[in-house]
Amino acid sequence: MNDSTAAAVEPSPSLPKTLLTGAQMLFVAFGALVLVPLLTGLDPSVALFTAGAGTLVFHAVTRQSVPVFLASSFAFIAPIQGSVASFGVSETLGGLLAAGLVYVAMSQVVRVKGTDWLHRVLPAVVVGPVIMVIGLALAPVAVDMASGETSEHIGYGQAITLSMISLLVTLVLAVFGRGLLRLIPIMGGIVCGYLLALAMGVVDFSPVREASWLALPSFTAPSFHWAAILFMIPVAIAPAVEHIGDMVAIGSVTRKNYLEKPGLHRTLLGDGLATSTAALFGGPPNTTYSEVTGAVTLTRAFNPRYMIVAACFAILLAFVAKLGAVLQTIPGPVMGGIMVLLFGSIAVVGMNTLVRAGHSLTAPRNLVVVSLILVFGIGGMQFGGGQFTLQGVSLAAVVGIALNLILPPPREGE
């Protein structure tokens, strides 16, 4: 019996174990799940609903074969913030729906052509700096939130105290935490920061008092604007490539090759449809969660049914209006402290992508590609006008892909 067969032979879990393990998986993902809507101005209750719905869509497409939970993608935080500021929430959702369809299109090309073309069009020298741009482009927003610039009733001193305590707790849990604590550093930082804010008396509970116990989430329909679509579509490139790494990571835990069965084309299709489904209801894009992969590693809970249970719990919690109202009372500086680490860590993921590839960044070709992606993406360069403006991450991705295809192939050793 090989490893794959051995991993597949798992006794059917009892109902209580299935429910408890599913609830635990949602708990692990919860802090990061609601962080994205809280930072981007979307509704956290809608995000809970779309995380559950997206996970169910993914498991329907992949035939319940991969133990993953899908929820809010960090890679889209900065682009969503920029798009909402420029175009509005509804138009941003239209762009996100289109981004999900990019996943769908990629899945079909992978099904027909395999993955070699993906590595040719999107090598590390393009993907790495694009991920760095995603993390760093709106870093000033994190600093403004952390220092209280976006909070009218919280002074600078209180804001810095709240943000730095939240950041410190998150750092300590991420670096020194053991077991389950290491899987929930974001939630730990938010809870500690929130408790300190309560002690300072800077939490406004009026949204909680006004909210009913049960209510439909505030679903928002997408509308379509060419500029918002052009702005958002290239952003899908980096998470789509990262998706391959996620499948390899969870496969190494369960000792199965998910790139072959159910196949990368199916997992990409599931991710894309989940993201488009989320946008239809007003939620952020979905992605597979590394926190949940960590929980699977720790608990050895390989059965995809646990994730389906977690998805059902997420959908049910979405209708508890008081919960969504409580989440909206979290002070801006608390979230800002988390964002400082979050945006920086996304940039580090991009750096790591470059380092692992082993290319010389001082080689002329690589130097040109990486330099222009970073400066165009972070510096505020834009091309076009009106409905056809390219800027930020979208411009960085287009420039990187074009340069990679146009410039001569790297010489041996570059």
Side-chain angles (χ1 to χ4, degrees), residues 1-34 47-73 103 107 178-184 187 242-275 277-278 286-318:
M1 181 180 291
N2 59 31
D3 284 347
S4 179
T5 308
V9 178
E10 182 184 358
S12 224
S14 64
L15 181 60
K17 180 183 178 182
T18 301
L19 294 175
L20 286 172
T21 305
Q24 179 176 260
M25 294 300 173
L26 178 59
F27 174 78
V28 167
F30 189 85
L33 190 168
V34 299
L48 274 168
F49 179 87
T50 55
T55 300
L56 294 179
V57 168
F58 179 89
H59 283 285
V61 172
T62 58
R63 300 170 183 169
Q64 300 182 33
S65 56
V66 190
V68 298
F69 181 84
L70 275 66
S72 314
S73 172
Y103 283 53
S107 74
R178 293 292 180 268
L180 185 61
L181 283 178
R182 190 168 189 173
L183 301 175
I184 53 170
M187 179 176 283
E242 188 181 0
H243 174 87
I244 301 174
D246 293 335
M247 290 301 103
V248 171
I250 190 66
S252 67
V253 172
T254 61
R255 300 198 301 276
K256 293 183 179 180
N257 188 347
Y258 296 118
L259 300 185
E260 291 186 1
K261 184 180 180 181
L264 179 61
H265 63 287
R266 282 191 178 274
T267 61
L268 265 176
L269 177 62
D271 205 333
L273 291 177
T275 290
T277 299
N286 282 313
T287 188
T288 50
Y289 258 31
S290 57
E291 290 93 335
V292 174
T293 300
V296 169
T297 306
L298 187 69
T299 62
R300 317 303 292 173
F302 298 155
N303 196 320
R305 289 182 189 173
Y306 299 136
M307 305 305 172
I308 293 173
V309 170
C312 293
F313 276 133
I315 291 172
L316 290 175
L317 285 177

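Everything quoted here is computed from the prediction, not taken from an experiment.
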Determine the minimum heavy-atom distance between Leu70 and Ala274, stating which atoms define it. CD2-CB, 3.7 Å
For Gly22 versus Val309, what's the shortest heavy-atom pair and its separation? CA-CG1, 3.9 Å
Under 4.5 Å between any side-chain heavy atoms of Thr287 and Asp246, yes or no? yes
Compare all side-chain heavy atoms of Thr55 with those of Ile308 and state whether any distance is below 4.5 angstrom. no
If you look at every heavy atom in Pro67 and Phe302, which pair is closest and at what distance? CB-O, 3.4 Å
When you measure from the side chain of Ser107 to the backbone N and O of Arg266, does any donor-acceptor pair fall under 3.5 Å? no
About how many Å separate CZ of Phe69 and CG of Leu33, when rounded to the nearest 0.5 Å? 5.5 Å
Which atom pair, heavy atoms only, marks the closest approach of Val66 to Phe58? CB-CE2, 4.2 Å
Which heavy atom of Gly270 sits nearest to which heavy atom of Val61, and what is that distance? N-CG1, 3.8 Å
So, taking the atom named CE in Met307 and the one named CG in Leu56, what distance separates them when rounded to the nearest 0.5 Å? 13.0 Å
To the nearest 0.5 Å, how far apart are CE in Met247 and CG in Asn257? 11.5 Å
Nearest 0.5 angstrom please: Leu48 CG to Thr50 OG1, how far? 8.0 Å
For the side chain of His59 and the backbone of Val68, is there at least one donor-acceptor N/O pair under 3.5 Å apart? yes
From Asn286 CG over to Ser73 OG, what is the distance, rounded to the nearest 0.5 angstrom? 8.5 Å
Backbone N or O of Leu264 within a donor-acceptor pair of the Thr267 side chain at under 3.5 Å? yes
Do Thr21 side-chain atoms and Thr18 backbone N/O form a donor-acceptor pair below 3.5 Å? no
Could you pull out the closest heavy-atom pair between Val292 and Ala29, with the gap in Å? CG2-CB, 3.9 Å
Audit row: Gln24, Tyr306, side-chain contact (heavy atoms from CB on, under 4.5 Å) steps and yes/no: CA-CA 9 Å; Gln24 179 176 260; Tyr306 299 136; over 6 Å; no
